Amino acid sequence: MTTHLLEGLNSAQREAVETIDGPLLIVAGPGSGKTRVITHRIAYLLREVRVSPYRILAVTFTNKAAREMQSRLDRLVGQRSKDLTVGTFHAFCALTLRKYGQHVGLDPGFSIFDDEDQQDLLKIAMEDAEVDPKKFNRRAVHSAISRAKSLLMDSKAMALRKSNYFEEIAARIYARYEELLTSNNAVDFDDLLLKTVHLLRNVAEVRERYQDRYVHMMIDEFQDTNICQYELAKIIVAKHRNICVVGDPDQSIYSWRNADIRNILSFKHDFPNARVVNLEENYRSTSNILEAAKGVIAANRQRLNNNIRTSKPGGSKIAIHEAFNEEDEAKFVLQQIDGLVRKNGVKLGDFAVMYRVNAQSRALEEACLRYGIKYRLVGGVRFYQRREVKDIIAYLRLINNPHDQVSILRVINVPTRGLGQKSLEQLEYWARTRNLSLYGAMEHIYLERTTGAAPTHPLQPRMAQSVVSFVALIEELRKESQQRDLVSLLDLLLERIAYKTYLEKDLEDAEERWDNIIELRNAAQDFKGLPPPTGLTSLLEHLALVSDVDNYEDAADSITLITLHQAKGLEFPVVFITGLEEGLLPHMRSMDSPEEIEEERRLFYVGITRAMERLFFTRAFRRGLAGGAGGPSIPSRFLQEVPQHLFTTPARLEPVGRASAPPLRMHTPPQPDKEEKPALVLRAGDKVKHSIFGEGVVVGLKGQGGDQEATVVFKNDIGMKRLLLSYAPLEKLSA
DNA sequence: CTTTCGGGATTTTTT
DNA sequence: ATCCCGAAAG
């Protein structure tokens with residue numbers, strides 16, 4: 001058994017796995033087998049030290065990491081992994097507050113406000129605090145409040161610490177925002193952490209229960225934790241002090257979310273007897289790739305030394321390409337992919353295309369569609385924040401927590417109930433004077449009406465009738481939610497509000513939106529088995545804290561389009577990093593501070609170190625930023641930091657002299673088999689075969705020569721695709 | 001009260 | 001280009 005767990009580990013990795021008593025800091029460079037070490041360490045605790053899985057807490061920073069850890073542990077230790085506590089900080093806190101939230105003023109059904117909800121609430125808070133929204137940017141206020149929360153400051157502490165007028169105003173808004181959250185029986189993301197810290201600090205009974213229970217705690221991506229998260233960890237491990245943190249300062253890319261790199265230094269201070277293990281052996285990348293990464297990161301001044309090294313010598317050099325614009329850039333990427341697939345037999349699942357901002361995915365997606373290459377878009381517009389999905393979620397949240405005013409306001413006119421702004425204002429004012437929540441006031445009207453009492457509210461009769469039927473609906477759903485399973489509750493809701501009809505009548509893309517609702521219904525299926533009220537709560541928690549609904553199974557047959565941030569922790573044989581331009585990477589918004597530039601550089605470093613065998617850098621000479629075309633781009637300064645001998649061809653990295661200079665092609669990429677392939681002559685009605693989509697029939701043709709595009713209907717539910725004849729892997733079947 | 005139109009501002013990364 | 005808000009029309 002022992003041999004199995006420690007087998008194939010190098011000495012540093014072994015030390016990390018076997019050091020189980022007391023605090024441990026693992027500094028893990030990219031590709032150093034970090035996840036392997038963490039999972040093996042947990043398995044070691046379970047199998048060798050005979051620790052009960054119930055006593056181990058492992059927290060990660062993202063859901064993706066948590067899922068990955070859980071599934072690897074399933075394979076290593078089987079059933080027992082089910083009793084481990086594995087999850088993100090936020091999920092762990094949500095669970096804790098569901099159980100013990102009443103100690104910090106939360107009812108069990110509390111809502112978790114996502115970014116959009118937080119903005120909505122903040123808007124109200126700013127109105128209440130009589131702050132001019134034009135003079136004070138909501139996002140700036142929000143980030144100031146968020147920063148304060150991550151530093152464990154309430155609005156009073158913020159007001160005391162204010163150093164300028166903006167912070168004074170922000171503190172005033174913060175105070176009102178907090179009141180509103182409380183009266184909504186809701187928390188934002190920061191509150192999940194903050195209120196859990198308050199809970200554990202103030203309630204000895206709960207604190208001791210947690211401190212006794214968790215004999216071992218592990219934190220992954222420690223460089224990305226904020227002060228509040230670290231405080232939480234310190235409280236939990238105070239008794240046993242078996243805390244193992246794993247991180248890499250060079251991969252710290254979340255300071256904008258208040259992650260605080262000082263935590264690593266504090267750790268050594270707070271746990272002076274901590275063992276430190278450095279994992280420096282890189283098993284992922286070839287030496288050319290690693291040399292590039294080292295060259296780039298060396299330009300950062302603020303860093304602890306760690307020397308990563310690889311045993312994979314040489315490897316392909318890094319290709320660099322300057323495209324004319326973003327379409328051209330996407331075309332280059334897809335041509336390269338196509339070429340590698342054909343000539344080298346690389347699988348689509350081995351490719352990742354990375355970028356700084358989500359908006360860059362569009363050109364790439366379009367190119368994938370044209371070339372008929374399947375892709376998986378990670379992140380992007382999140383499923384749960386689409387309007388129709390959010391509407392239905394708001395209803396569900398309301399069923400769970402009628403004090404959730406943000407959700408009431410969201411659905412009160414979905415479908416239209418004739419309650420406009422004016423009526424709602426009256427209602428809110430009336431509620432406030434009577435010290436009721438919005439729903440409380442509506443309920444009052446409902447009760448007056450059903451008992452035949454004389455109305456005391458200020459609404460017109462027709463408005464009052466709307467309120468009454470709305471409350472009747474919610475009350476019915478609340479009652480049913482105690483009996484029915486989740487899916488049948490959802491079906492009842494959709495039927496009662498005639499949602500499908502509403503979509504068809506009032507919104508564009510009704511069909512697609514309805515499909516999304518069906519998708520939501522599918523997600524609900526997973527919670528169907530739970531006893532009635534629990535299923536709803538669990539689903540809502542899942543929706544609030546899990547950002548993507550992408551399933552990993554499909555990955556094998558598609559290329560991956562992903563932001564650099566999301567790519568952390570992943571690896572791919574072939575990586576493209578696109579948009580290497582000043583203003584994009586490093587991003588414009590980070591240009592005025594050296595610290596932020598260093599973070600951008602770390603982001604680039606993270607991207608480079610995802611690559612195992614091949615790496616491509618691309619940039620566009622002109623990029624169509626929102627609005628105008630944007631001027632000619634300047635190559636990213638980071639490109640100059642890559643040792644030039646690692647490139648396939650000498651790169652022109654200096655800024656272009658004048659705006660009108662013609663774009664230069666750095667090198668012409670091999671055109672994948674263009675000449676070998678006889679131009680395909682097709683007519684509508686011809687049968688064709690595509691290497692991925694299979695057989696189909698041509699239904700239309702457009703364009704000339706190399707740009708000719710065919711519309712093909714494929715069999716087997718694949719449907720209609722538009723393909724460029726010069727690139728798509730199509731062959732004509734004898735008719 | 002709701003819908004529609006037009007002007008103005010805004011453009012990062014995610015739990 | 002897209003979103004958000006306010007004003008005017010329906």
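As the structure is a computational prediction, the values presented were derived from the model and not from experiment. Letters go in sequence order (proteins before strands), and every chain restarts at 1.
Residue Ile227(A) contributes atom CD1, which lies 21 Å from atom P of dT15(B) at whole-angstrom precision. When rounded to the nearest whole Å, the span between CD of Gln229(A) and C1' of dT14(B) equals 12 Å. Distance, Gln119(A) CD to dC4(C) P: 10 Å, rounded to whole Å. Taking atom CD1 of residue Ile112(A) and atom P of nucleotide dT15(B), one finds them 13 Å apart after rounding to whole Å. Straight-line distance from the OH atom of Tyr355(A) to the P atom of dT11(B): 20 Å, rounded to whole Å. One interatomic measurement links the two molecules: CG of Asp190(A) to P of dT15(B), which rounds to 13 Å at whole-angstrom precision. In this structure, CZ of Phe604(A) is placed 19 Å from P of dT13(B), rounded to the nearest angstrom. In this structure, CG of Leu193(A) is placed 18 Å from P of dT14(B), rounded to the nearest angstrom.
Within the 4.5 Å cutoff, side-chain heavy atoms of Arg257(A) are placed close to those of Phe61(A).
For Trp256(A) against dT13(B), a side-chain-to-base donor-acceptor contact under 3.5 Å is present.
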Identify all pairs in which a protein N or O lies below 3.5 Å from an N or O of nucleotides 8-10 of chain B, and state each distance.
none

Polar atoms only, N or O, under 3.5 Å: list the protein pairs with nucleotides 1-5 of chain B and their distances.
from, atom 1, to, atom 2, distance (Å)
dC1(B), OP1, Gly420(A), N, 3.4
dC1(B), OP1, Ser423(A), OG, 2.7
dC1(B), O3', Gly418(A), O, 3.4
dT2(B), OP1, Gly418(A), N, 3.4
dT2(B), OP1, Leu419(A), N, 3.2
dT2(B), OP2, Gly420(A), N, 3.2

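Under the rule for a side chain to side chain contact (heavy atoms under 4.5 Å, CB included), the partners of Glu571(A) that lie at least two apart in sequence or sit in another chain are Arg284(A), Met612(A). The side chain to side chain donor-acceptor pair (under 3.5 Å) search around Glu596(A) returns Ser593(A), not counting sequence neighbours. Residues that satisfy the salt bridge (Lys or Arg N to Asp or Glu O under 4.0 Å) test with Glu329(A), not counting sequence neighbours, are Arg623(A). Evaluation of the salt bridge (Lys or Arg N to Asp or Glu O under 4.0 Å) rule for Arg397(A) yields Asp117(A), Asp404(A) as partners, not counting sequence neighbours.
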Determine, stepwise, if the pair Phe222(A) / Tyr230(A) fulfils ring pair (Phe, Tyr, Trp, His ring centres under 6.0 Å). CA-CA 9 Å; Phe222(A) 188 62; Tyr230(A) 180 44; 5.6 Å; yes

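Checking Tyr177(A) against Asp188(A) by side-chain atom types alone, a donor-acceptor pair falls below 3.5 Å. Side-chain atoms of Arg622(A) and Asn325(A) include no donor-acceptor pair closer than 3.5 Å. Judged purely by distance below 3.5 Å, without hydrogens or angles, the side chains of Thr96(A) and Tyr210(A) pair a donor atom with an acceptor atom.
Stacking of the aromatic ring of His587(A) onto the base of dT12(B) is found: the ring centres lie under 5.5 Å apart and the planes are inclined by under 30°. Centre separation under 5.5 Å together with a plane angle under 30° does not hold for the ring of Tyr254(A) and the six-membered base ring of dT13(B), so they are not marked as stacked.
Rounded to the nearest Å, the gap between the C1' atom of dC5(C) and that of dT12(B) is 24 Å.
Side-chain N/O atoms of Gln566(A) include none lying less than 4.0 angstrom from OP1 or OP2 on dT13(B). Side-chain N/O atoms of Thr563(A) include one lying less than 4.0 angstrom from OP1 or OP2 on dT14(B). A sub-4.0 Å separation between OP1 or OP2 of dT14(B) and a side-chain N or O of Asn358(A) is present.
Candidate nucleotides dT14(B), dC5(C), dT2(C) were compared by shortest atom distance to the side chain of Arg362(A), and dT2(C) ranks first. Looking at the side chain of Arg356(A), the nearest of the listed nucleotides dT13(B), dT15(B), dC5(C) is dT13(B).
Within 4.0 Å (heavy atoms only), Phe61(A) reaches sugar-phosphate atoms of the nucleic acid but no base atom. Nucleic acid contact class of Lys123(A) (heavy atoms, under 4.0 Å, all strands): sugar-phosphate only.
Between Phe617(A) and the choices Phe604(A), Phe576(A), Phe638(A), the ring pair (Phe, Tyr, Trp, His ring centres under 6.0 Å) rule is met once, by Phe604(A).
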